[in-house]
Amino acid sequence: MTGFIPMDETHALFETRRQKMLALREKGVDPYGQRFDVTGSIGAVRERFAEGHCERIAGRITAHRDMGKSHFLDLTDSTGRIQIFIHAKEVGPEAYEIFKLLDMGDFLGIEGEAFITKTGEPTLRVKTLNVLSKALRPLPDKWHGLSDVETRYRQRYLDLLANPESKTVFKQRIAIVREIRRFLEERGFLEVETPMMQPIAGGAAAAPFKTHHNALSMDLFLRIAPELYLKRLLVGGFEKVFELNRNFRNEGVSRRHNPEFTMLEVYQAYADFQIMADMVEEMVTTVAEKVIGTLKIDHKDSEGNVLRTIDLTRPWRRASYRDLIEEAVPGWFSLTPEQRREKCHAMHVELSPEMADFEVTQHVFEKLVEEKTFNPCFVTHCPKELVPLAKQNLANPDVVDVYELIINGQEISPGYSELNDPIVQRQRLEDQAGEEKQNIDDDFLTALEHGMPPAGGVGIGIDRLVMMLTGAESIRDVVLFPHMKPRA
RNA sequence: GGGUUGGUAGCUCAAUGGUAGAGCAGCGCCCUUUUAAGGCGUUGGUUGUGGGUUCGAGUCCCACCCAACCCA
């Protein structure tokens, strides 16, 4: 079912709980309580469990086993679950009346004495109980959980409560981001913050979101990349900088695209794309080992069968764009543009008629190389038309000194020897802009004209990196609150 | 944008065109050591929305909404 239209407030399940909430108030109990000082987290209490000790814990009621006058409940917090035992005679009639107004999902703080039940379960015998929060809506089924993907995305909090593996992925994402920051900071990179609202959305080719600044009476764009500002910092004397934050692109959503996504960009003065490739290789393997604990990442289907295992073991393959295409389609570069179109037809690679020849080649690359490359591969020396912000190769001016890192059939990270010639840069941006000259960031070009050191730069799409490392098949499984159309 | 599949109770799922059901949750009762506790009973539905075909539609047809997957 859709699961999203929430039950309305007259629904019996809601009304029953609301009445209990009101009954608590009538007894002088605030159903939305205050600070509750615990002696430890539930995990810690379990860890040091000793019969006879008194503990104060807080958490959600996640199970209730009713034995008549005695009750066993599970209390759960972020560190674990513990059983508590409530007996009518031991807590007294007043507390027992309050207890009867509780439901699964309510937050409870209790003080109790540790003991072990017959069945060997560490348990706290409740002495006093405090209502911390009354849940007016039921939580997902304790046994079947929450499987409806639409509800999992729209009401992520329910997914996090019901599906521990979902929570694990997000904790891994957090750890990945943390380890990336640590890795860069240990190497002397400074994390900077540059504008998310830009007068001209530069640094990539993508449709921007538009907004408006009232006081300044000007349109602004949410950034599609931080690149042009980070390069201004290279001009300004910052030599090793990075930014790890959100970009916005006003394009479709798909398994691999969310309109806002997290990007890492790193720039290092006096370096080149090869140095940056080395760094990315070291960074990703370091993060994988620390967070995932292995360099062999299993990707599974919905039934849990391993579809493929991505092997991150170093050294990663490096091969030129040209060589990889020749590998996939021998003789490709000796064909005429017409022959290439025919070849595509024969190979069932669909083309649109308006594609330029370099785009036909790029399409072949995407279909026959990128989508079939699962273990890491640095694709180097791409055609210059594809990359307007990188240095041309000294030996072959038709290609640029860049890599494109492919893992899991997706672009994970581009790396450049950054173009620092302001005259060439202006020309390349003008060629790319075509008629739309107003999209050229003159302030950036002015900055370049003051001198930018040669530099290596990389971008890493964090969402796709997390997908690759956690085995997620959809970006929505690694973004806490993915964009969805409103239900109503 | 196109194609395919799906949307039934709070959750997880059933239901040849012929009375909309089960388990869990809820509610009531029994039970003082349970572990998805158990037993007995019971409430709960505009079957995504709107039309149509039919004696009769959850089921067939059309349009729309939302989602997943594939394609562009």
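Protein chains get the first letters and strands the later ones, always in sequence-line order, with residue 1 at the start of each. All values reported here derive from a predicted model rather than from experimental measurement.
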* Asked: So what does His11(A) hit on the nucleic acid, given a heavy-atom distance under 4.0 Å: a base, only sugar-phosphate, or nothing?
  -> sugar-phosphate
Note to self: Students often get this wrong, so: under 4.0 angstrom with heavy atoms, is Gly252(A) touching a base, only sugar-phosphate, or nothing?
What the structure shows: nothing
Whole-Å P distance, rC29(B) and rU16(B): 39 Å
Answer yes or no: is there an ion pair linking Glu15(A) with Arg18(A), defined by an N-O contact shorter than 4.0 Å? yes
The ring-ring contact (aromatic ring centres under 6.0 Å, His included) partners of Phe378(A) (sequence neighbours excluded) come to Trp316(A), Tyr403(A)
Is the side chain of Arg223(A) donor-acceptor paired with the backbone N or O of Arg246(A) at a distance under 3.5 Å, no angle test? yes
Arg137(A) CZ to rA9(B) P, in whole Å, measures 15 Å
The Watson-Crick or G-U wobble partner of rA9(B), with both key distances under 3.5 Å, is none
Taken to the nearest whole Å, CD/Gln155(A) to C1'/rG10(B) is 11 Å
Closest to the 5' end of RNA chain B, once Ala63(A) and Ser147(A) are matched to their nearest nucleotides, is Ser147(A)
Salt bridge (Lys or Arg N to Asp or Glu O under 4.0 Å) filter on Asp159(A), not counting sequence neighbours, yields Arg152(A), Arg156(A)
Sorted by number, residues from residues 158-171 of chain A placing a heavy atom under 4.0 Å from RNA chain B are none
Every protein N/O lying under 3.5 Å from an N/O of nucleotides 70-72 of chain B:
residue: rC70(B); atom: OP1; partner: Arg255(A); partner atom: NE; Å: 3.3
residue: rC70(B); atom: OP2; partner: Arg255(A); partner atom: NE; Å: 3.1

key: P atoms of rG6(B) and rA15(B), separation to the nearest Å   = 12 Å
Worksheet entry | Distance, C1' atom - from rU33(B) to rG28(B), rounded to whole angstrom | 25 Å
For Lys300(A), the salt bridge (Lys or Arg N to Asp or Glu O under 4.0 Å) test, sequence neighbours excluded, returns none
With a 3.5 Å distance limit and no angle check, can you tell me whether Glu326(A) reaches the backbone of Gly331(A) through a side-chain donor-acceptor pair? yes
- Query: Counting any heavy atom closer than 4.0 Å, what does Phe14(A) reach on the DNA or RNA strands: base, sugar-phosphate only, or nothing?
  - Reply: nothing
In Leu124(A), Ile84(A), Val126(A), Ile110(A), the residue satisfying side chain to side chain contact (heavy atoms under 4.5 Å, CB included) with Leu73(A) is Ile84(A)
Say you pick atom P in rU53(B) and the same atom in rU59(B); how far apart are they, in whole Å? 15 Å
Sorted by chain and number, sequence neighbours left out, salt bridge (Lys or Arg N to Asp or Glu O under 4.0 Å) with Glu227(A) holds for Lys231(A)
inquiry  = For the C1' atoms, the ones on rA20(B) and on rG58(B), what distance do you get once it is rounded to whole angstrom?
reply    = 8 Å
Can you give me every donor-acceptor pair (side chain of residues 36-45 of chain A, partner residue at least two apart or in another chain, under 3.5 Å) with its distance?
residue: Asp37(A); atom: OD1; partner: Arg35(A); partner atom: NE; Å: 3.0
residue: Asp37(A); atom: OD2; partner: Arg35(A); partner atom: NE; Å: 3.4
residue: Asp37(A); atom: OD2; partner: Arg35(A); partner atom: NH2; Å: 3.4
residue: Thr39(A); atom: OG1; partner: Glu55(A); partner atom: OE1; Å: 2.5
residue: Thr39(A); atom: OG1; partner: Arg56(A); partner atom: N; Å: 2.9
residue: Thr39(A); atom: OG1; partner: Arg56(A); partner atom: O; Å: 3.2
residue: Ser41(A); atom: OG; partner: Ala44(A); partner atom: N; Å: 3.0

Answer for the Watson-Crick or wobble partner of rG50(B), both distances under 3.5 Å, is rC62(B)
Item to complete: Please report the C-alpha distance between Asp148(A) and Thr151(A) in whole Å, then the side-chain angles of each, then the deciding distance to 0.1 Å, and finally whether the side-chain hydrogen bond (donor to acceptor under 3.5 Å, both in side chains) criterion is met.
Response: CA-CA 6 Å; Asp148(A) 181 70; Thr151(A) 308; 2.7 Å; yes
By salt bridge (Lys or Arg N to Asp or Glu O under 4.0 Å), Lys367(A) pairs with (sequence neighbours left out) Glu371(A)
Partner of rU16(B) under the Watson-Crick or G-U wobble criteria, both distances under 3.5 Å, comes out as none
Counting only N and O atoms by type, is there a donor-acceptor contact under 3.5 Å from the side chain of Arg46(A) to the main-chain atoms of Arg81(A)?
yes
By the Watson-Crick or G-U definition, both distances under 3.5 Å, rU33(B) is matched with none
Ile86(A) atom CD1 is separated from rA37(B) atom C1', nearest whole Å, by 16 Å
Separation of rU12(B) atom C1' from Arg152(A) atom CZ, nearest Å, is 14 Å
### Query
Is the distance between the ring centroids of Phe273(A) and His381(A) less than 6.0 Å?
yes
Please report the distance separating the C1' of rU43(B) from the corresponding atom of rC62(B), rounded so that it comes out in whole Å. 38 Å
Derivation and outcome, side-chain contact (heavy atoms from CB on, under 4.5 Å), residues Ile460(A) and Met263(A) = CA-CA 6 Å; Ile460(A) 297 185; Met263(A) 183 71 119; 5.7 Å; no
Under a 4.0 Å heavy-atom cutoff, the residues of residues 476-485 of chain A touching RNA chain B are Arg476(A), Met484(A), Lys485(A)
_Between rU47(B) and rA9(B), how far apart are the two P atoms, rounded to whole Å?_
10 Å
Ring pair (Phe, Tyr, Trp, His ring centres under 6.0 Å) pairs touching residues 49-86 of chain A, sequence neighbours excluded, are His64(A)-His71(A), His64(A)-Phe99(A), His71(A)-Tyr96(A), His71(A)-Phe99(A), Phe72(A)-Phe85(A), Phe85(A)-Phe115(A)
Atom CG of Asp141(A) and atom P of rG44(B) are separated, to the nearest Å, by 21 Å
Across all chains, not counting sequence neighbours, the side chain to side chain donor-acceptor pair (under 3.5 Å) partners of Arg317(A) are Glu327(A)
By the Watson-Crick or G-U definition, both distances under 3.5 Å, rG28(B) is matched with rC40(B)
Mate of rG1(B) across any strand shown (Watson-Crick or G-U wobble, both atom pairs under 3.5 Å) is rC71(B)
Reading nucleotides 26-36 of chain B from 5' to 3' and marking B where a protein heavy atom lies under 4.0 Å of the base, S where only the sugar-phosphate is that close, and - otherwise, the string is SS---BBBBBB
| query | Expressed in whole Å, how much space separates the P atoms belonging to rC65(B) and rU49(B)? | reply | 15 Å
Separation of rC65(B) atom C1' from Arg154(A) atom CZ, nearest Å, is 10 Å
